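Here the structure comes first, spelled out in structure tokens, and everything after it is commentary.
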Protein chains: 2
Amino acid sequence: MTRSSGIDVAVSTAILTLRRTERGVVLSLPLVRRTREPFADRWALPGGWLTATEAPVGAAARTLAETTGLAPSYLEQLYAFGAVDRSPSRVVSIVYWALLRSDQVDAQSAEYRRTGLSPENVRWFDADDLPALAFDHAQIIEYALWRLRNKVGYSRVAQGFLPEEFTLAELREAVETILGRRLDPANFRRQVESSGTLIATDEFRTGNHRPARLYRSSPDAELADRGPLSSEEMSIR
Amino acid sequence: MTRSSGIDVAVSTAILTLRRTERGVVLSLPLVRRTREPFADRWALPGGWLTATEAPVGAAARTLAETTGLAPSYLEQLYAFGAVDRSPSRVVSIVYWALLRSDQVDAQSAEYRRTGLSPENVRWFDADDLPALAFDHAQIIEYALWRLRNKVGYSRVAQGFLPEEFTLAELREAVETILGRRLDPANFRRQVESSGTLIATDEFRTGNHRPARLYRSSPDAELADRGPLSSEEMSIR
DNA sequence: ACAAAAGTGTTTATGGTACACCCATGG
DNA sequence: CCATGGGTGTACCATAAACACTTTTGT
């Protein structure tokens with residue numbers, strides 16, 4: 001039997017969320033500091049080896065939970081990277097990309113600050129201010145961001161960043177951050193309203209000005225097309 | 001070292017072309033009859049094990065050439081399939097999809113008929129009339145066709161099926177076959193002309209009626225976005 | 001001359017964009 | 001009552017769809 005011996009399979013995930021910082025809302029992602037060679041002490045995408053009894057998407061969900069303690073609101077395969085020279089040993093990485101609700105990330109961070117114990121070797125970075133990365137992870141993140149920016153235009157992935165209930169201004173701010181440009185509030189409202197992906201509640205967010213109606217994601221559909229995980233998904237659901 | 005031992009990596013390719021049959025032009029693809037277990041005697045996508053010294057895209061191009069004797073006009077990664085139960089042994093398949101120029105396929109078939117020697121265990125099937133397939137290859141082909149139909153709407157992949165020079169009616173027939181519906185010739189002409197992806201020649205195809213101008217694909221751009229193969233592609237180019 | 005495909009013109013609908021304007025609340 | 005964001009109305013422009021019409025060839 002001639003098989004592909006000598007090739008290891010890894011699963012990594014680009015985990016994206018929106019964080020409120022001094023310079024406004026920014027796209028952020030958690031990275032893990034490597035403890036071994038190759039690329040010891042460099043930052044890398046969370047991940048690990050694919051085990052014999054685990055589906056790739058399951059491995060992605062597991063490592064995501066291990067590094068962040070959270071469940072993703074969206075998870076999709078990004079690409080399989082397998083160039084011969086991308087690692088000293090021969091590694092094929094199946095990379096996923098995921099979205100986390102920013103309120104859950106904020107709650108998590110507050111919890112860490114409160115208890116004083118936060119995960120070692122995990123840190124959140126702004127997507128536009130990344131450190132030197134291990135392997136080809138810089139290009140991978142670049143591609144994940146491209147995919148996100150692309151998909152936000154024809155799907156409702158942006159809702160994956162937001163809590164259960166949100167205002168249209170909050171949804172618009174998320175999209176604006178992803179795209180890196182401002183949108184017309186009036187036109188944004190009409191587009192998203194006519195798309196039928198939102199459910200208006202009777203509640204309002206009260207603040208400094210006129211209260212804004214709260215919406216929630218319509219539950220009857222996916223945030224976006226996630227590809228052919230029909231069969232794969234069986235094993236995780 | 002805990003690695004992903006026990007997992008084999010395969011590369012398969014859904015190779016698509018258009019063939020002229022009794023019932024008009026149809027989407028077709030070559031399948032290979034398996035000679036071993038599992039799924040012996042079943043039809044399957046062309047492919048093989050990923051070797052330690054080969055990039056996945058290179059393996060796809062190689063097996064494609066081995067089964068068809070042709071070079072693809074388009075080649076893109078489709079998805080990495082890795083469900084635990086998709087094969088008796090643990091196999092992760094990195095699947096690509098490719099387009100072949102129909103004139104090259106026709107010439108190849110004519111050559112085989114002429115010489116009498118055609119590849120054993122390889123046969124072309126209509127995409128809408130497939131036999132029982134090995135593994136999860138039926139779903140894989142379904143997804144490849146979905147991707148093609150999707151991408152034909154916002155790129156010029158359809159040109160990958162056509163020879164060097166072609167008429168707008170031929171391009172339209174290709175798109176109509178992919179989408180499974182008729183298009184308005186006048187509107188189709190304007191859209192493709194204004195897209196700037198075609199170069200008009202001074203030649204005309206003479207036939208039963210008014211001669212049609214021949215066009216060729218503009219060479220300065222890809223047929224479609226093929227994802228992040230920047231680094232991978234280095235090794236094959 | 002006629003059939004049929006190549007190619008042009010015109011009308012209408014639709015969706016996005018820009019922007020003026022009104023509404024409701026906190027201060 | 002004023003500043004500010006929430007929310008509505010409307011004109012404008014680009015593109016897609018539908019379809020009438022002209023052109024050019026083979027028979």
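Order of the sequence lines sets the chain letters (A, B, ...), proteins ahead of strands, with each chain counted from 1. Heavy atoms only: backbone and side chains are in, while hydrogens, waters and symmetry mates are out. All of these numbers come straight from a predicted model, not from anything done at the bench.
The stretch residues 172-199 of chain A comes close to DNA chain D through A:R172, A:A186, A:R189, A:R190, each having a heavy atom under 4.0 Å from the strand. For DNA chain D, the residues of residues 151-171 of chain A within the heavy-atom distance limit of 4.0 Å (strictly under) are A:A169, sorted by number.
The pair B:R190-B:E193 fails the salt-bridge criterion, with no side-chain N (NZ, NE, NH1 or NH2) lying under 4.0 Å from an Asp/Glu carboxylate O.
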Heteroatom pairs (N/O) under 3.5 angstrom, protein to nucleotides 25-27 of chain C:
residue : atom : partner : partner atom : Å
C:dG26  : O4'  : A:N208  : O            : 2.8

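The stretch residues 93-109 of chain A participates, sequence neighbours left out, in these salt bridge (Lys or Arg N to Asp or Glu O under 4.0 Å) pairs: A:R101-A:D103, A:R101-A:E164. The ring-ring contact (aromatic ring centres under 6.0 Å, His included) analysis of residues 145-186 of chain A, with sequence neighbours excluded, yields the pairs A:Y143-A:W146.
Scanning for side-chain hydrogen bond (donor to acceptor under 3.5 Å, both in side chains) contacts around A:N208 gives an empty result, with sequence neighbours left out. Residues passing the side-chain hydrogen bond (donor to acceptor under 3.5 Å, both in side chains) test with A:R216 are A:E165, sequence neighbours excluded. Every salt bridge (charged side-chain N to carboxylate O under 4.0 Å, His left out) that B:E170 has, sequence neighbours left out, goes to B:R205. Partners of B:E176 according to the salt bridge (charged side-chain N to carboxylate O under 4.0 Å, His left out) rule, which considers only residues two or more places apart in sequence or in another chain, are B:R172, B:R182. Scanning for side-chain hydrogen bond (donor to acceptor under 3.5 Å, both in side chains) contacts around A:T197 gives A:Q159, A:S195, with sequence neighbours left out. Every residue two or more places apart in sequence or in another chain that forms a side-chain hydrogen bond (donor to acceptor under 3.5 Å, both in side chains) with A:R23 is listed here: A:D126, A:D128.
The shortest non-hydrogen separation linking A:I94 to B:A80 is CD1-CB, 4.1 Å.
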*Walk me through it: do A:Q77 and A:Y79 pass the test side-chain hydrogen bond (donor to acceptor under 3.5 Å, both in side chains)?*
CA-CA 6 Å; A:Q77 191 180 114; A:Y79 199 78; over 6 Å; no

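A:L31 CG to A:N121 CG: the interatomic distance, rounded to the nearest 0.5 Å, is 12.0 Å.
Direction of the helix axis in the helix from C:dA1-D:dT27 to C:dG27-D:dC1 shifts by 10° between the two five-pair termini, rounded to 10°.
Rounded to an integer number of Å, the gap from B:R205 CZ to C:dG7 C1' is 17 Å.
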